[in-house]
Number of protein chains: 2
Amino acid sequence: MTYSEENYLKVIYHLSTGNSKGITTNAIANEMESKPSSVTDMVKKLAEKELVAYKKYQGVSLTEKGRQHAVMIVRKHRLWEVFLVEKLDFSWDEVHDVAEQLEHIKSEKLIDKLDEFLDFPTEDPHGDPIPDRNGKIAKMEKQLLSETSLNTKVICVGVKDSSSSFLQYLDKQQIALGSAIEIISREHFDQSLSLKVNDKPLSVSNKIAANLFVKPL
Amino acid sequence: MTYSEENYLKVIYHLSTGNSKGITTNAIANEMESKPSSVTDMVKKLAEKELVAYKKYQGVSLTEKGRQHAVMIVRKHRLWEVFLVEKLDFSWDEVHDVAEQLEHIKSEKLIDKLDEFLDFPTEDPHGDPIPDRNGKIAKMEKQLLSETSLNTKVICVGVKDSSSSFLQYLDKQQIALGSAIEIISREHFDQSLSLKVNDKPLSVSNKIAANLFVKPL
DNA sequence: CTATATTTTTAGACAAAACTAAAAATGTTT
DNA sequence: AAACATTTTTAGTTTTGTCTAAAAATATAG
């Protein structure tokens with residue numbers, strides 16, 4: 001499996017979660033910053049290899065085989081992110097590009113040993129679950145802050161958007177995984193929220209709240 | 001710089017050490033398990049980029065710029081080898097192929113942090129020196145066991161051949177970096193040696209002795 | 001239910017990196 | 001120094017992954 005094929009599988013996998021329909025050519029092209037025609041070509045190749053199911057004009061979806069491959073790439077990506085943060089002192093907004101490269105290293109032994117070295121982490125630095133060596137993903141209870149009712153006490157368990165600009169905003173506001181958040185009030189006009197984060201008052205826009213995962217205390 | 005260009009630079013660098021002349025197309029093709037015509041093509045490209053000096057039919061040599069690049073690849077390769085052995089419990093005969101992949105990961109921060117994490121090692125698991133972040137290589141005193149005079153006490157500090165078959169042979173004979181070796185006698189007929197390794201007698205062929213680096217105690 | 005707009009696919013081209021086969025240059029022998 | 005052998009380069013293909021532009025299919029709107 002080539003570097004490029006792996007990237008396509010990964011993108012299709014990510015677009016598939018919470019999307020039971022076929023993934024469109026355009027959606028993939030957008031995500032990969034490439035052109036729809038390139039996607040069509042590659043998708044045909046992946047279909048040849050039975051990694052995706054594809055019918056002209058109907059979009060693609062991963063086969064079980066393709067899903068397994070994709071999950072392993074995600075596993076590698078997230079384990080490397082943990083390594084970078086825990087062992088090499090990277091911050092959570094710096095890990096993505098490097099992990100993007102490391103995820104393509106081919107060695108089962110490497111990834112299993114790394115997993116062990118990191119003490120079998122179940123989540124990456126952004127709160128996303130790490131598939132185990134059999135591809136099993138422990139799913140955890142979490143909801144978006146924007147969809148949480150007033151006067152609830154929750155803790156931050158993940159981010160939906162992991163762009164560095166969002167992560168740096170969170171750093172600035174001293175919001176991290178594990179932070180205690182209480183929802184005080186919601187502004188009707190723009191859905192912005194008044195919070196207490198670690199007992200300090202903070203107001204956040206709906207866009208922020210819609211990208212923070214929390215779970216009830 | 002592409003993956004492939006990096007591999008060429010690395011091979012040319014390795015062929016260059018202890019070889020002041022131009023490196024031949026054939027030598028490179030051999031080392032890379034490719035064809036001379038492919039080498040000619042790539043060498044032209046590297047010459048365009050001023051990474052090598054090249055005159056038709058005269059072989060190639062690295063420019064200073066090319067040497068710097070090559071040294072950085074070697075630095076990455078060897079640091080990753082240390083990581084694999086020290087942190088992930090790989091044995092010294094298992095690290096090469098994985099390090100071959102890891103050496104192409106592009107991130108200065110990654111490699112400097114890794115260096116720090118490993119406590120700035122100066123040698124890889126085979127006793128080869130690790131260039132520092134400025135490309136400086138601490139050279140150490142070492143000689144081949146085959147060229148060491150009788151009745152000398154030495155310690156093993158490196159291997160010339162790091163193929164897994166050789167390394168596994170050394171494991172079997174319990175020869176490792178740091179092992180104390182005394183040269184008892186040399187057979188005139190085949191240049192084989194009688195040794196004491198960690199006080200136990202052992203006879204080795206010239207081929208073995210010609211691939212073991214030692215230094216006087 | 002046509003007409004129009006959008007999406008997707010096809011066809012053809014290109015760049016990178018490899019190859020084979022043939023030509024050119026260099027080396028080696030006598 | 002001519003003849004032969006070897007090495008290196010050139011010329012032309014191939015494969016992978018991308019692209020543009022045009023054609024085909026699907027979706028949307030009046």
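So you know, we letter chains A, B, ... as the sequences are listed, proteins then strands, and number each from 1.
Counting any heavy atom pair closer than 4.0 Å across all strands shown, A/T25 reaches sugar-phosphate atoms only and no base atom. Counting any heavy atom pair closer than 4.0 Å across all strands shown, B/Y3 reaches no nucleic acid atom. Backbone-only contact: A/S4 has heavy atoms under 4.0 Å from sugar-phosphate atoms and none from a base.
Taking 4.0 angstrom as the limit, A/K44 places a side-chain polar atom (N or O) nearer than this to OP1 or OP2 of C/dT10.
Along DNA chain D, the nucleotide nearest A/M32 and the nucleotide nearest B/N26 are compared for position; the residue whose nucleotide lies closer to the 5' end is B/N26.
When the salt bridge (Lys or Arg N to Asp or Glu O under 4.0 Å) test is applied to A/K10, the partners found at least two apart in sequence or on another chain are A/E100, A/E103.
Salt bridge present: B/R133 and B/D112 bring a charged side-chain N and a carboxylate O closer than 4.0 Å. By the 4.0 Å N-to-carboxylate-O rule, B/D115 lies close enough to B/R75 to be salt-bridged with it. The residues A/R78 and A/E123 are annotated as not salt-bridged, no charged nitrogen and carboxylate oxygen being separated by less than 4.0 angstrom.
Closest contact between the side chain of B/K56 and the listed nucleotides C/dT26, C/dC19, D/dT10 involves D/dT10. If you check D/dT26, C/dT20, D/dC19 against the side chain of B/S37, the one that comes closest is C/dT20. Residue B/T40 places its side chain closer to D/dT8 than to any other of D/dA25, D/dT18, D/dT8.
No option in A/L170, A/V204, A/L193 other than A/L170 meets the side chain to side chain contact (heavy atoms under 4.5 Å, CB included) test with A/L212.
Whole-Å rounding puts the B/N7 CG to C/dA16 P distance at 17 Å. Rounded to a whole Å, the CD atom of A/E5 is 12 Å from the C1' atom of D/dT15. Counting to the nearest Å, the C1' atom of D/dC19 and the CD atom of A/E33 are 16 Å from each other. Distance, B/E48 CD to C/dA15 C1': 15 Å, rounded to whole Å. In this structure, the NZ atom of B/K49 is 15 Å from the P atom of C/dA15, given to the nearest Å. Between A/M42 atom CE and C/dT10 atom C1' there is a gap of 17 Å when expressed in whole angstrom units. Atom CD in A/Q58 sits about 18 Å away from atom P in D/dA24, given to the nearest Å. Put simply, OH on B/Y54 is 10 Å from C1' on D/dT10, counting in whole angstrom units.
Taking the centre of each ring, B/H96 and B/H126 stay at or above the 6.0 Å mark.
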Requested in this report: Start with the C-alpha gap between B/K76 and B/E81, add the side-chain angles, then the distance that decides, and say whether salt bridge (charged side-chain N to carboxylate O under 4.0 Å, His left out) holds.
Outcome: CA-CA 9 Å; B/K76 290 195 273 184; B/E81 286 194 344; over 6 Å; no
Report, one pair per line, the protein and nucleotides 1-3 of chain D atoms (nitrogen or oxygen only) whose separation is under 3.5 Å.
none

